[in-house]
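Note on naming: letters A, B, ... go to the chains in the order of the sequence lines (proteins, then strands), and numbering restarts at 1 for each one. Hydrogens, waters and symmetry mates are skipped; everything else that's a heavy atom, side chains included, is used. Please read these numbers as outputs of a predicted model, since none were measured by experiment.
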Amino acid sequence: MTGGGIVASANGEAKPLTLSNTDKIFWPQQGYTKGDLLMYYAAMAPVLLPHLRGYPLVLVRYPDGIEGKFFYQKQAPDHRPSWLPTVTIPSSGSDGTAGEGKKSASSGRAITYCMVNDEADLLWLINAGCIEVHPWLSMAADPDKPTAMVFDLDPAPGQDFRVVIEVALCLQAALKTLGLKGYVKTSGASGLHLFVPIAPLYPYAVVREAAVVLAQMIAEVDSRVTLERHVEERGQRLYLDCWQMARAKTLASVYSVRPVPGATVSTPLLAEELSGENLLDPRQFTIKNLPDRVAQVGDLFAPVLQEKNDLRPLLSLTGAQG
DNA sequence: GGCTTTA
DNA sequence: TAAAGCCAACGCTCA
DNA sequence: TGAGCG
């Protein structure tokens, strides 16, 4: 793939897009280029775009590849094309935590976030060196109400991936007793993400606190699991992180590429991949094989777009107000 | 990656 | 003219 | 009050 102008079109609107430096090496060990990254995202656009539409995005940009300097970008750059969709959101509101009477005023300036509706939007971000795409957990239209309850299963360095899988299964079983269904994907790095899709009915703090109660129950019965936020205190335990559920916090999106050797991808898993005999290797899913996998198994995260779990049984269990 | 600011 | 800078920052927990 | 966390 070489550079040059292309014109994508959506709804009859022309979106001129010029790709640059497509031969630049982004993954030195594998020799993968920015062009490979662009081709991956272009191939995945049909399944990826529905998961991104309507969400404010935080970009993690590596313009010189995974071994170069990187930076997070929230504010959409001024030189973006005029056709790129954006949303402007005040950077601080309440996160729904009870403590009224305190600050919670709009302390920060508003931030204009990038969004993506179509392939041209997505590829413009990727061409800018954005390897990871981090959507908010709430939509631009309702930025204080998350659309999923999310658990981030983060193993200690060197911890057996089998433990991560067992904790995910345990969580799923606990959710099932509450009538809830969770969907699991690899983080693309060493852990797993478990998504419980919900309607945007509750503020972040309510969903988070419900998740924490559930997570504490897991940690109580499994000594390999901790909710400890301080790294040293965790020891060799798996960190069950519920803290991404807060306004303006993000997680690598489903099908997002990760800036690690091998160009791994956050990949939804089949039930049998979680429970099967042979141990899953989360590094097996990469920009080179994901399009084929999706052609075979489809978008295993598609239900996340449709299902709205009813949190009320969990909320009543935790004593929260619904 | 691309723009602006500084040396 | 070239190099260097800039591009996040929420809100909580524990000490 | 501030350092650490993701």
Side-chain angles (χ1 to χ4, degrees), chain A residues 3 17-26 33-35 37-38 56-66 68-81 84 86 88-100 102-114 123-138 143-144 146 150-157 187-191 193 203-209 211-212 215-216 226-234 237-252 258-259:
Chain A
L17 174 65
T18 299
L19 304 179
S20 58
N21 301 315
T22 50
D23 294 329
K24 185 186 272 194
I25 300 291
F26 265 32
T33 64
K34 192 170 81 171
L37 182 69
L38 284 159
L57 303 179
V58 175
L59 317 182
V60 192
R61 293 179 55 189
Y62 291 75
D64 295 310
I66 67 167
K69 285 284 157 277
F70 77 96
F71 56 93
Y72 284 72
Q73 187 152 38
K74 295 188 174 181
Q75 175 69 44
D78 288 338
H79 56 82
R80 68 184 181 273
L84 189 82
T86 59
T88 299
I89 301 181
S91 60
S92 179
S94 166
D95 108 311
T97 315
E100 36 224 306
K102 306 238 329 194
K103 19 108 209 257
S104 99
S106 54
S107 58
R109 73 196 203 285
I111 292 180
T112 298
Y113 290 85
C114 294
L123 294 187
W124 183 82
L125 301 185
I126 305 311
N127 183 63
C130 173
I131 292 178
E132 288 188 342
V133 183
H134 287 216
W136 280 30
L137 294 178
S138 52
D144 293 310
V150 175
F151 300 86
D152 181 1
L153 284 63
D154 188 13
S187 72
S190 57
H193 295 158
Y204 275 106
V206 170
V207 181
R208 178 176 70 237
E209 283 160 17
V212 165
Q216 278 169 340
T226 181
L227 273 63
E228 174 58 57
R229 300 228 284 150
H230 279 256
V231 172
E232 334 172 331
E233 308 296 324
R234 286 181 204 157
R237 291 176 294 177
L238 179 149
Y239 178 44
L240 188 44
D241 185 5
C242 301
W243 260 99
Q244 289 315 111
M245 279 175 287
R247 187 188 168 97
K249 293 181 92 51
T250 61
L251 223 50
R258 307 307 299 268

- [ ] Ignoring backbone atoms, test whether A:Asn21 places a side-chain nitrogen or oxygen under 4.0 Å from the OP1 or OP2 oxygen of B:dG1.
- [x] yes
Open item on the list: Does C:dA9 have OP1 or OP2 under 4.0 Å away from a side-chain N or O of A:Arg109?
Closed with: yes
TODO: Indicate, yes or no, whether a donor-acceptor pair under 3.5 Å links the base of C:dC7 to the side chain of A:Arg61.
DONE: no
TODO: Ignoring the backbone of A:Ile111, work out which of C:dG11, B:dG2, C:dA9 is nearest its side chain.
DONE: C:dA9
TODO: May I ask you to decide whether A:Arg247 forms a salt bridge with A:Asp144, counting only side-chain N to carboxylate O separations under 4.0 Å?
DONE: yes
- [ ] Let me know the distance between CD of A:Gln75 and C1' of B:dG2, rounded to the nearest Å.
- [x] 15 Å
Task: Distance below 4.0 Å between A:Lys24 side-chain N/O and B:dG1 OP1 or OP2 - done: yes
- [ ] For D:dC5 and C:dC7, measure between their P atoms and round to the nearest Å.
- [x] 24 Å
- [ ] Measure the distance from CZ on A:Arg208 to P on C:dT13 and round it to the nearest whole Å.
- [x] 8 Å
- [ ] Between C:dA8 and B:dT5, how far apart are the P atoms? Round to whole Å, please.
- [x] 16 Å
Open item on the list: When you compare the side chain of A:Tyr113 with that of A:Lys74, does any pair of heavy atoms fall below 4.5 Å?
Closed with: yes
Task: Candidate list A:Phe70, A:Tyr72, A:Phe26, test ring pair (Phe, Tyr, Trp, His ring centres under 6.0 Å), partner A:Tyr62, passing option - done: A:Phe70
TODO: State whether A:Trp243 and A:Arg208 meet the cation-pi test: NZ (Lys) or CZ (Arg) under 6.0 Å from the six-membered ring centroid, and within 45° of the perpendicular axis.
DONE: yes
